[in-house]
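Counting starts at 1 for both ligands and their atoms, in listed order. Given the structure is predicted, the values throughout are model-derived calculations rather than measurements.
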Amino acid sequence: MATLLRTGACQKAASAAHTRAFASVAPAVSSSRSHKVVVVGGGTAGMTVSHQLLRTGKFSQDDIAIVDPAEWHHYQPGWTLVGGGLKNKEDLRQPLTKLVDPKLKFYNEQVGAFAPEENLITLSNGDKVNYEQLVVAPGINVDTSTIKGLPEALADPKSLVSTIFKYDTCDKASRNIKDFKKGNAIFTHPAGAIKCAGAPQKIMWLASDHWQRTGLYNYQDPSSSPINISFATGLPVMFGVPKYSATLEALRKERGIEGLFQHDLIEINGDTAIFARPDGADKVTKKFDLLHAVPKMGPYAFVKNSALADQAGYVDVDQATLQHKKFANVWSAGDASSLPTSKTAAAITAQAPILVSNMLRSMNGQEVEASYDGYTSCPLLTEYGKVLLAEFKYGGVPKETFGKLFDQGAPQRAFYYLKKDFFPWVYQNYMVKGRWGGPKGFIR
Ligand code: UQ1
């Protein structure tokens, strides 16, 4: 598809040159690479924002441009379901060229650099693209090389090392869990910011449930089971929100899972996992037979090294308006933003409409509104058939959609079907098209 589009563009350029040759007029210089809005990133945030902007009806053909070098758009929240053997990974991706509305200009290219003082970006092919408004939403880098030995272990088809945080290995996680009959299984969660902070343990809850159902693990008497399970997390607690953390900590104990808190995986060496401890304490080594590892994550270099970044390297936006703190025509949402909330697709359901509304207000000379409260959500699979639907805002304060109907502090069967069936469906059919507002429902 990308090739087709490029061919189309070339043909247009060729016929324009032909016309000019006849009229013997000097060619105009790149006048078309100028847009009202440029959106960097064709992931969840970039696609949702672009299509919501388009659906306001205030933009014409090519007024809005999307920049992304990727061939595929992935539904990443589904990779946990792949790891749990509940979905095929191929069903959770679509060619980006197919998803981008034809009214949008699509640059299938990487960003080289930002020049916010000049209202332009440079693509890695050297082209300059001008904008009136810029949305920066390229996501974060899930960098497997942040753990020594991890890239090699993941690439080895025979190793029982996997991660659901990568398309390439999310199905390996499922195979490893099914093939595993005996030994130490370690599931890790790194120190530092990651996307979907619940996923590292979702895969563990599913694995323990699977092993329990197949007679390889006994919740009541784990020490007599052929499999031992440990959760090694860089954090001091199971989850950042006290209400849900209490439930998850109780569940960990109920299932006899060892909790290794403030253990941050830094290296894999054969069948040994090496963990850093806080405050200069000695490293801890553990033998494993199965390892589910979660890499550290961080901003991409082209964001981190730009004038748009805060100290940590994220796009420095106001936490309530999503407007950049220095450049009033720059906006951000999603994983690349500095918004101090948990990085999820659910968060983008709340962020995107606020970004869109504030950008339009700003273009009309109106004041922006401080309306984002940090809403985010993490549907935590705790077993095959149950999900704990954590929903919260800034400060780790619960903000629950179904609190009147269900106890959201406990895993529920209905939420399992939301996570497994409804969210993937509504995402592919409505959210990427700008027509899903999360807890607020469908948009027009
Ligand atoms: C949501 O809208 C959404 O988007 C499709 C998700 O998918 C990743 C979610 O996980 C959640 C929790 C929401 C929020 C919507 C409701 C109805 C709670």
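Between K58 and D63 there is no salt bridge, since none of the side-chain N atoms of the basic residue sits less than 4.0 Å from a carboxylate O of the acidic one.
For the atom pair OG1 of T321 and CD of E367, the computed distance is 10.5 Å after rounding to the nearest 0.5 Å. Here the CG-CD1 distance, from D127 to I121, works out to 10.0 Å after rounding to the nearest 0.5 Å. The line from CG of L54 to CD of Q61 is 9.0 Å long, rounded to the nearest 0.5 Å.
Geometrically, K195 does not engage F165 in a cation-pi contact, judged by NZ or CZ lying under 6.0 Å from the ring centre and within 45° of the ring axis.
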Please tabulate, one line per pair, the protein N or O atoms found under 3.5 Å from any N or O atom of ligand 1, giving the distance to one decimal.
from, atom 1, to, atom 2, distance (Å)
ligand 1, 2 (O), W436, NE1, 2.8

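Annotation: Y416 is not in aromatic contact with W205 [ring centroid separation under 6.0 Å not met].
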